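Notes for the one structure printed next.
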Amino acid sequence: MKKIAIISTLILSAAIVFTSCRDKRETGRAYMPDMAYSRAYETYAQRDSSIFTTDPKDAGHKIFYNNLSPAGTIKRGDLFPYTVPNDSNGLINLSNQVKNPLEPMTGKELEEAGRLFNINCAICHGEKGEANGPLAPKIGGVKSIIAASPGFSDGRLFYVMTYGQNNMGSYASQLTKEQRWRIVQYIRTLEPKTAATETTAKADSAAAKK
Ligand code: HEC
């Protein structure tokens with residue numbers, strides 16, 4: 001009796017082993033589908049509308065998911081949300097009240113900010129911000145950054161990058177808040193030296209020659 005049980009178990013297992021690998025391209029039967037297929041929401045996956053909803057009204061009987069982080073939360077290490085509205089009051093008044101939250105740049109950060117400026121801005125504004133980038137004639141109306149920036153607050157420069165201005169698009173999705181503030185700092189290094197710094201520089205070089 002025992003023998004029969006052992007033999008039939010062997011035959012059964014051999015049958016399972018051989019039939020389970022019929023086609024190498026197929027996964028075969030999923031014994032536990034929950035382990036084979038993730039139930040979590042996958043990036044870019046199509047959402048099953050019978051399970052998920054983006055409408056808060058359906059939130060009771062479906063899973064509400066709208067891709068946004070919960071209100072009042074920020075990503076770890078991120079800067080505070082920028083709440084200045086995209087309108088004329090935002091541009092002319094409110095933008096100026098926002099201070100650059102970053103510490104002054106170190107050499108490495110300056111290099112990175114320059115790299116970001118050359119990738120994102122120089123194509124229109126030119127490497128020195130003088131409105132002479134290769135794309136400037138095609139876009140039309142490109143303004144000199146350094147002609148205007150000495151009169152602009154850091155907050156206003158950040159505002160223009162965040163929302164764009166006329167023919168210039170927004171850079172909010174290409175550059176993080178931190179990167180935009182770094183570019184603001186970089187623009188300050190491009191600005192022509194004021195008369196005061198020029199005289200000290202001249203005096204310094206004159207002193208060095210002596
Ligand atoms: C596709 C071309 C293009 C790119 C790229 C571009 N800009 Fe502009 N930018 C413009 C144009 C055009 C204007 C003029 C908008 C207007 O009519 O007021 C402008 C205006 C500005 C102004 C305002 C100048 C003023 O006098 O009001 C600032 C500051 C500025 N850009 C900064 C930047 C920075 C920083 C970047 C990179 C993150 C950048 N721009 C990328 C086209 C561009």
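In each ligand, atom 1 is the first atom listed, and ligand 1 is the first ligand listed. Positions are given from 1, in the same order as the sequence printed here. Note that this is a predicted model, so its numbers are computed, not measured. All values below were derived from every heavy atom in this structure, side-chain atoms included, with hydrogens, water molecules and symmetry-related copies excluded.
Chaining together hydrophobic side chains whose heavy atoms lie under 4.5 Å apart places L135 alongside I123, I139, V142.
Electrostatic pairing of K62 and D55 does not count as a salt bridge here, judged by no charged N lying under 4.0 Å from a carboxylate O.
With R188 contributing its side chain and S149 its backbone, the two residues share a donor-acceptor pair below 3.5 Å. Looking only at distances, a side-chain donor or acceptor of N96 sits under 3.5 Å from a matching main-chain atom of I92.
Hydrophobic cluster membership differs between I187 and I119, with clusters built from Ile, Leu, Val, Met, Phe, Trp and Tyr side chains linked at under 4.5 angstrom.
Aromatic pair F158/Y82: ring centres closer than 6.0 Å.
Enumerated by chain and number, the residues approaching ligand 1 to less than 4.0 Å through a heavy atom are N120, C121, I123, C124, H125, I139, G140, G141, V142, K143, I145, A148, F152, L157, V160, M161, Q165, N166, N167, M168, Y171, L175, I183, I187.
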